[in-house]
Asker: 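Got a structure here, written out as structure tokens. Questions coming.
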Amino acid sequence: MKFSNAKGTRDFPPETLVKRKYILNIIESVFKKFGFMPLETPALEQLETLTGKYGNEGDKLLFKVINSGDFAAKVDDETWKNKQSEKILRFICEKGLRYDLTVPLARFVASNRNEIVFPFKRYQMQPVWRADRPQRGRYREFWQCDIDTLGTNCLMNEAEIISMAVEIFKTLNLNVTIFINNRKILEAIAEKYQILSEFTRFTNIIDKLDKNDFESLKLDFESLGLSNQQIEELKKILKKYTFDTNGINQLKDIFLTNPKAIAGCNEFYEIYSYLEKSELNEKAVMIDLSLARGLDYYTGCIFEIKSNEETIGSIAGGGRYDNLTEVFGLKDVSGVGVSFGIDRIYDIMEKLKLLNHIRTSDVKVLLCHFDKNGQIYNFQKAAELRNNGISAEVYPDIKKINKQFEYAEKKEIDFVIITGEEEINTGVLTLKNLKHRTQEKLSFENVIERLNF
RNA sequence: GUGAUUGUAGCUCAGUUGGUUAGAGCGCUUGAUUGUGGUUCAAGAAGUCGCGGGUUCGAGUCCCGUCUUUCACCCCA
């Protein structure tokens with residue numbers, strides 16, 4: 001194959017796209033049901049909008065877009081000769097592909113603050129790009145389905161996110177667990193051990209706990225300056241707790257005095273108070289103190305959702321960010337949101353054969369013919385059928401009838417209308433059910449009745 | 001970004017220590033069957049062996065580069 005796709009990007013053939021849209025539609029309809037409004041932003045952002053928001057690793061994964069025109073001429077000889085990529089970059093590119101949908105949202109909200117109705121509830125389903133090495137469930141171009149609420153501190157929004165996630169995955173028939181944590185509690189731990197200055201490194205290490213056992217990370221914790229006793233203590237604390245009064249009480253008992261931890265626990269209590277009476281099953285939501293999340297901008301509650309059946313990393317993630325719009329000049333606007341990764345959801349559902357029932361075509365009937373006269377007649381009949389709300393397709397060529405049947409079968413069209421001289425003369429339609437191999441002669445009205453089930 | 005790994009017909013894959021004209025199954029086309037398919041039978045088309053370079057009398061096979069795939073890190077949806 002001479003022309004392959006760019007690394008980590010894919011084509012979506014019709015059969016795939018039909019299934020993707022099925023998932024997207026479910027997600028979108030739930031978003032709408034909760035009162036979120038759509039937003040789209042450009043694929044391209046100013047590079048300075050994107051840099052510095054995702055941590056060091058994030059910046060490395062940004063796709064940069066080279067300036068048009070004679071970009072090389074604008075680099076001075078000295079910089080060019082020294083081959084320092086970072087410095088040259090500043091001269092030759094000023095745009096980049098978006099890395100997620102949250103930062104563009106913050107930019108949008110900050111610059112449209114006067115037109116926006118707050119609290120601002122928006123959903124956004126668009127591709128994002130990351131210059132990562134691809135592997136299973138990891139692509140360089142993938143779609144995120146985001147919802148965010150900005151301009152309110154109310155923790156009902158966190159509870160709402162959980163409800164939405166539960167509804168989405170219930171509708172999709174996927175067994176998942178929603179893991180939640182709170183950055184305030186993680187900060188409290190870091191404070192307790194006086195490693196707050198190393199907070200990012202600390203969260204990076206504990207985030208590995210889902211893949212590695214605690215023992216193998218001991219050296220990492222030691223490198224933070226923690227004593228053996230402290231590490232043993234951590235081992236007891238960094239685990240999962242049930243998301244109910246019992247579990248939160250356990251947590252609170254650990255950090256009796258630390259104000260940040262108490263704040264974090266109180267947030268859990270409040271979020272739980274909204275959900276207490278809903279029909280969540282006990283294992284749908286878990287508090288997981290080893291959940292950290294890499295993105296730098298989270299300040300409160302954080303979420304991550306994983307499939308119970310497939311290990312492909314997380315299929316959704318998000319959290320509360322108090323200061324994200326501040327870097328775009330808008331203070332005191334807190335936001336909370338979550339992003340669903342449709343590509344991973346698709347991969348899991350495909351593997352679990354949960355998408356096999358999706359029909360590739362909405363067409364109810366294929367009109368077949370033996371000659372030009374039949375085709376012309378069918379062209380008119382198809383128009384009449386469509387006018388009566390029936391999606392119909394005329395076989396687009398004059399070929400043997402069995403070819404036409406095979407075409408219908410491949411496109412999962414159950415019915416065919418067979419038009420020959422006899423049908424044209426009498427005005428009666430021959431309707432055949434390909435699945436049952438039955439066939440009957442019907443009037444136009446009866447055909448509509450038959451196909452309108 | 002680090003270290004591995006993959007690529008042969010539309011698809012899944014064979015292809016010996018380097019040796020003539022690169023094979024199979026499925027699929028596809030045509031016919032048996034000129035108004036009724038999915039079975040069966042017969043025939044047929046199909047490949048710059050990912051791409052570029054090198055070694056060799058000779059490369060699908062060995063070497064280098066490159067693109068792509070998958071995997072482990074890093075990190076993440």
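Note that the structure is predicted; figures quoted are calculated from it, not measured. Below, chains carry the letters A, B, ... as their sequence lines are ordered, and counting in each starts from 1.
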Asker: When the P atoms of B:U33 and B:U16 are compared, how many Å lie between them, rounded to an integer?
Answerer: 45 Å

Asker: May I ask you to list the residues of residues 315-324 of chain A, by number, that have any heavy atom positioned under 4.0 Å from an atom of RNA chain B?
Answerer: A:Ile315, A:Ala316, A:Gly317

Asker: Between atom CG in A:Asn433 and atom P in B:U36, what is the gap in whole Å?
Answerer: 19 Å

Asker: Take nucleotides 29-35 of chain B nucleotide by nucleotide from the 5' end and write B, S or -, depending on whether a protein heavy atom sits under 4.0 Å from the base, only from the sugar-phosphate, or from neither.
Answerer: SSS-S-B

Asker: Holding to side-chain contact (heavy atoms from CB on, under 4.5 Å), I want the full list of residues that pass it with A:Val166, two or more places apart in sequence or in another chain.
Answerer: A:Ile162, A:Ile178, A:Leu280

Asker: Could you list the residues that satisfy side chain to side chain donor-acceptor pair (under 3.5 Å) with A:Lys170, not counting sequence neighbours?
Answerer: none

Asker: When we call it a touch if two heavy atoms are under 4.0 Å apart, what does A:Leu434 touch: a base, just sugar-phosphate, or nothing?
Answerer: base

Asker: How many Å lie between CG on A:Asp132 and P on B:U70, as a whole number?
Answerer: 13 Å

Asker: Rounded to whole angstrom units, what separation is found between the CD1 atom of A:Ile178 and the P atom of B:A77?
Answerer: 16 Å

Asker: What is the nucleic acid contact for A:Lys306, judged by heavy atoms within less than 4.0 Å: base, sugar-phosphate only, or nothing?
Answerer: nothing

Asker: Would you kindly say whether A:Asn182 and A:Tyr298 are connected by a side-chain donor-acceptor distance under 3.5 Å?
Answerer: no

Asker: Can you tell me the distance, in whole Å, between the CG atom of A:Asp100 and the P atom of B:C76?
Answerer: 12 Å

Asker: Going by an N to O cut-off under 4.0 Å, is there a salt bridge joining A:Asp210 and A:Lys306?
Answerer: yes

Asker: Can you tell which of B:G37, B:C75, B:C76 lies closest to the side chain of A:Glu409?
Answerer: B:G37

Asker: Grab the CD-C1' distance between A:Gln135 and B:C73 for me, whole Å please.
Answerer: 9 Å

Asker: Side chains of A:Thr51 and A:Asp59: do they bring a donor and an acceptor to under 3.5 Å?
Answerer: no

Asker: Check every strand shown and say whether A:Tyr139 touches a base, only sugar-phosphate, or nothing at a heavy-atom separation below 4.0 Å.
Answerer: base

Asker: For A:Lys403, give me all partners under side chain to side chain donor-acceptor pair (under 3.5 Å), at least two apart in sequence or on another chain.
Answerer: A:Glu406

Asker: Can you tell me how the ring of A:Tyr54 sits relative to the ring of A:Tyr99, calling it parallel under 30°, perpendicular over 60° and tilted otherwise?
Answerer: tilted

Asker: What pairs of residues pass the ring pair (Phe, Tyr, Trp, His ring centres under 6.0 Å) test when at least one of them lies in residues 402-440 of chain A, not counting sequence neighbours?
Answerer: A:Tyr395-A:Tyr407

Asker: P atom, B:G3 versus B:C67: distance in rounded Å?
Answerer: 15 Å

Asker: Would you indicate what A:Gln144 reaches in the nucleic acid, counting non-hydrogen atoms under 4.0 angstrom: base, sugar-phosphate, or nothing?
Answerer: sugar-phosphate

Asker: So does A:Lys211 get a side-chain nitrogen or oxygen closer than 4.0 Å to the phosphate oxygens (OP1/OP2) of B:C73?
Answerer: yes

Asker: More 5' along RNA chain B: A:Arg136 or A:Lys60, using each one's nearest nucleotide?
Answerer: A:Lys60

Asker: Do A:Arg138 side-chain and B:C71 base share a donor-acceptor contact under 3.5 Å?
Answerer: no

Asker: Using the P atom as the point on both nucleotides, what is the distance between B:U61 and B:U2, in whole Å?
Answerer: 27 Å

Asker: Starting from P on B:A77, measure out to CD1 on A:Ile161 and report it in whole angstrom.
Answerer: 14 Å

Asker: Tell me the interatomic distance from A:Phe63, atom CZ, to B:G1, atom C1', rounded to whole angstroms.
Answerer: 13 Å

Asker: Name the nucleic acid region contacted by A:Gly58, choosing base, sugar-phosphate or nothing; use a 4.0 angstrom heavy-atom cut-off, strictly under.
Answerer: nothing

Asker: Not counting sequence neighbours, which residues clear side chain to side chain donor-acceptor pair (under 3.5 Å) with A:Arg133? List them please.
Answerer: none

Asker: Can you identify which nucleotide, out of B:C75, B:G37, B:C73, has its nearest atom closest to the A:Lys432 side chain?
Answerer: B:G37

Asker: Sequence neighbours left out, what passes side-chain contact (heavy atoms from CB on, under 4.5 Å) with A:Arg90? Give chain and number order.
Answerer: A:Lys87

Asker: Any stems for RNA chain B, made of 3 or more Watson-Crick or G-U pairs in a row, each with both distances under 3.5 Å?
Answerer: B:1-4 with B:70-73, B:10-13 with B:23-26, B:28-32 with B:40-44, B:50-54 with B:62-66

Asker: With a 4.0 Å heavy-atom cut-off, tell me which residues in residues 5-42 of chain A come close to RNA chain B, sorted by residue number.
Answerer: A:Asn5, A:Ala6, A:Lys7, A:Gly8

Asker: State whether A:Lys60 and A:Glu57 are salt-bridged, where the test is any N-O pair (Lys NZ or Arg NE/NH1/NH2 against Asp/Glu carboxylate O) under 4.0 Å.
Answerer: yes

Asker: Would you say A:Arg133 places a side-chain N or O within less than 4.0 Å of OP1 or OP2 belonging to B:C74?
Answerer: no

Asker: Can you check the distance between B:G31 and B:A24, where both ends of the measurement are the P atom (answer in whole Å)?
Answerer: 24 Å

Asker: So, for A:Ala159 and A:Leu275, which heavy atoms are closest and what is the spacing to 0.1 Å?
Answerer: O-CD2, 3.7 Å

Asker: Does NZ or CZ of A:Arg20 fall inside the cone over A:Phe12's six-membered ring, less than 6.0 Å from its centre and within 45° of the axis?
Answerer: yes

Asker: Considering only the C1' atoms, how many Å lie between B:G7 and B:U66, rounded to the nearest integer?
Answerer: 13 Å

Asker: Roughly how many Å apart are B:A45 and B:G10, using the C1' atom of each and rounding to a whole number?
Answerer: 13 Å

Asker: Suppose you measure atom P in B:A4 against the same atom in B:C64; what distance do you get, rounded to whole Å?
Answerer: 12 Å

Asker: Are A:Trp143 and the base of B:A77 stacked, counting only ring centres nearer than 5.5 Å and planes tilted under 30°?
Answerer: no

Asker: Does the separation of the ring centres of A:Phe214 and A:Phe221 fall below 6.0 angstrom?
Answerer: yes

Asker: Provide the distance between the two C1' atoms, one in B:C11 and one in B:G27, to the nearest whole Å.
Answerer: 7 Å

Asker: Who passes side-chain contact (heavy atoms from CB on, under 4.5 Å) against A:Lys95, sequence neighbours left out?
Answerer: A:Leu44, A:Gln46, A:Val65

Asker: Under 3.5 Å, sequence neighbours excluded: what are the donor-acceptor pairs made by side chains of residues 354-363 of chain A?
Answerer:
unit_1: A:His357; atom_1: ND1; unit_2: A:Leu354; atom_2: O; d: 3.3
unit_1: A:Arg359; atom_1: NH2; unit_2: A:Glu412; atom_2: O; d: 2.5
unit_1: A:Ser361; atom_1: OG; unit_2: A:Val363; atom_2: N; d: 2.9

Asker: Is the distance between the ring centroids of A:Phe36 and A:Tyr123 under 6.0 Å?
Answerer: no

Asker: Among B:C74, B:A77, B:U36, find the nucleotide with the atom closest to the side chain of A:Phe405.
Answerer: B:U36

Asker: Could you check how far CG of A:Leu209 sits from P of B:C75, rounded to whole Å?
Answerer: 13 Å

